[in-house]
There are 2 protein chains.
Amino acid sequence: MLKISTRCRYGLLAMVELGQCYGQAPVSAQEIFKKQHIPKLYLQQLLVKLRRNGLVESIRGAKGGFILRKDPKQIKILDIVKAVEGPVQLISCTKQNKDKCCSKIKECLTRPVWVELHEVVNKVLNERTLYDLMR
Amino acid sequence: MLKISTRCRYGLLAMVELGQCYGQAPVSAQEIFKKQHIPKLYLQQLLVKLRRNGLVESIRGAKGGFILRKDPKQIKILDIVKAVEGPVQLISCTKQNKDKCCSKIKECLTRPVWVELHEVVNKVLNERTLYDLMR
DNA sequence: TTGATACTTGACAAAAATAGTCATATATAG
DNA sequence: CTATATATGACTATTTTTGTCAAGTATCAA
Ligand code: FES
Ligand code: FES
C-alpha cells in the first residue's frame with residue numbers, strides 16, 4: 001500500500017521539533033515525546049539513528065538532549081528518511097543488482113513505471129528541506 | 001522503505017501479459033506463471049482480484065483463461081494497483097479522516113511532505129496506462 | 001558526593017502485513 | 001467422460017514494523 005511508516009513520520013516530527021529550537025538549548029527526548037505523543041523508547045531509538053547518521057548531536061546528563069548538527073536549510077528530508085529507514089528503494093532491481101526482481105530485467109516491461117515512481121519519490125524527498133516545513 | 005510489493009509487481013506483470021494478447025485467445029494462469037515465474041497459486045489470487053475489480057474477464061474450463069475487459073489504453077496503472085492492493089494511501093490523515101495520524105493534524109508541520117509524496121505517486125500511476133508499457 | 005536527569009546499547013517481543021499454499025468445488029471443450 | 005481451468009475461503013509461514021526492557025554511562029546541580 002506504500003504507506004509511510006511511523007518510523008519516518010516520527011523521525012521527521014522529531015526533527016521538526018529540533019528545528020524549531022535550532023540555536024537554542026538542547027531538546028530532550030522527553031519533551032518531544034510529550035509534545036508529539038510518540039512512544040518514548042521508540043523515539044529514543046530513532047534519535048540514536050539520527051545521531052549515528054550525523055544529523056543530530058546528543059548531549060548527555062541533566063539539561064542534556066538533542067540538537068541539530070546543521071542548519072535546517074541544509075537538511076534534506078531524504079537525509080532524515082535515509083537515517084531512520086535506510087535508502088528509499090521502491091524496487092530492488094538497480095543497475096548494480098540486475099537479477100533480484102522479475103525474471104529478466106532486460107525484458108521487464110513493467111519496470112519503467114516502478115523506476116519512474118522511484119525517481120519521483122526520491123526527487124521530492126531530495127528537494128525539500130527541513131526548513132521548508134518550519135513556520 | 002516504501003518498497004513496491006510483489007502483489008503489485010506480479011499483478012502488473014500479469015496484466016502486461018494479458019495486454020500482449022489482447023484480442024486473441026484467453027491466456028491461462030498457467031502460461032503467465034511459466035513465463036514470469038510467479039508462484040502459481042498466488043497469481044491465481046491476484047487474477048481473481050483483478051476480475052472482481054472488473055479489469056479482466058475469466059473463462060473457465062479447457063481452453064479457458066483470462067482476457068482484458070478493456071483496451072490497454074483505457075487501463076490505468078493505478079486501477080491495477082488499486083485492484084490488487086487497495087487504494088494507494090501514503091498517509092492515513094485525509095480530509096475525511098482527520099485524526100488518525102499525528103496528534104493534531106491542523107498543526108502537523110510534517111504533513112505537507114507526505115501529502116506531496118502521496119499526490120505525486122498517485123499522479124504517476126494515474127497518468128500511465130497499460131498501453132504505455134507494451135512494446 | 002550524591003541524586004536526579006538524560007542518553008546508550010543490544011537484545012527481546014508483540015503485532016501486523018506480506019507472501020504463499022491447500023483442499024474442495026465448479027465449469028467447459030473436445 | 002476426462003483433462004483443463006478457474007473459484008473460494010481458510011490456512012500457514014515469513015518478514016517487517018512497532019514497540020519494550022534492562023543495565024549501563026555521562027553530566028549537572030545542590
Ligand atoms: S525487473 Fe525489477 S521490476 Fe521487473
Ligand atoms: S497528521 Fe498525518 S502526517 Fe501529521
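Remember, it's a predicted structure, so these values are computed and weren't measured experimentally.
Checked against C/dT8, C/dT26, C/dA19, the side chain of B/Y42 finds its nearest nucleotide in C/dA19.
Panel note: side chain A/N122, backbone A/H118; a donor-acceptor pair is recorded below 3.5 Å. Counting only distance, with no hydrogens or angles, the side chain of B/R128 and the backbone of A/P112 share no donor-acceptor pair below 3.5 Å.
Side-chain atoms of A/E85 and A/S5 form a donor-acceptor pair, as typed in the model, at a separation below 3.5 Å.
What separates CZ of B/F33 from C1' of C/dA19 is a distance of 16 Å, to the nearest Å. Between the CG atom of A/L46 and the P atom of C/dC7 there is a distance of 13 Å, rounded to whole Å. One interatomic measurement links the two molecules: CD1 of A/I67 to P of C/dC7, which rounds to 12 Å at whole-angstrom precision. For B/Y10 and C/dA19, the OH to P distance is 8 Å, given to the nearest whole Å. In this structure, CG of A/L41 is placed 16 Å from P of C/dA14, rounded to the nearest angstrom. The nearest whole Å value for the distance from the CG atom in B/L13 to the P atom in C/dA19 is 13 Å. To the nearest angstrom, C1' of C/dC7 lies 13 Å from CD of A/E57. Rounding to whole angstrom units, CG of residue A/L43 and C1' of C/dA6 are separated by 13 Å.
Mapped onto DNA chain C by nearest heavy atom, B/I4 and A/Q45 fall at different nucleotides, with A/Q45 at the one closer to the 5' end. Nearest-nucleotide positions on DNA chain C for A/A62 and A/V48 put A/A62 closer to the 5' end. Taking for each of B/Q30 and B/K3 the nucleotide of DNA chain D with the nearest heavy atom, the 5'-most of the two is the partner of B/Q30.
Taking 4.0 Å as the cutoff to heavy atoms of chain A, we find the contact window on DNA chain D bounded by D/dT17 to D/dC28.
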Evaluate A/R51 against A/E57 for salt bridge (Lys or Arg N to Asp or Glu O under 4.0 Å), listing each step before the verdict. CA-CA 6 Å; A/R51 180 180 65 82; A/E57 190 170 326; over 6 Å; no
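Across all strands, B/I59 comes closer than 4.0 Å only to sugar-phosphate atoms, never to a base (heavy-atom distances).
Nearest heavy-atom pair across A/M134 and A/P72 is SD-CB, 3.7 Å. Of all heavy-atom pairs spanning A/P26 and A/E31, the tightest one is O-OE2, 4.1 Å. Residues B/W114 and A/R9 share a closest heavy-atom pair of NE1-CG, 3.8 Å.
OP1 or OP2 of C/dA19 has at least one side-chain nitrogen or oxygen of B/T6 nearer than 4.0 Å. For A/R51 and C/dT8, the shortest distance from a side-chain N or O to OP1 or OP2 is below 4.0 Å.
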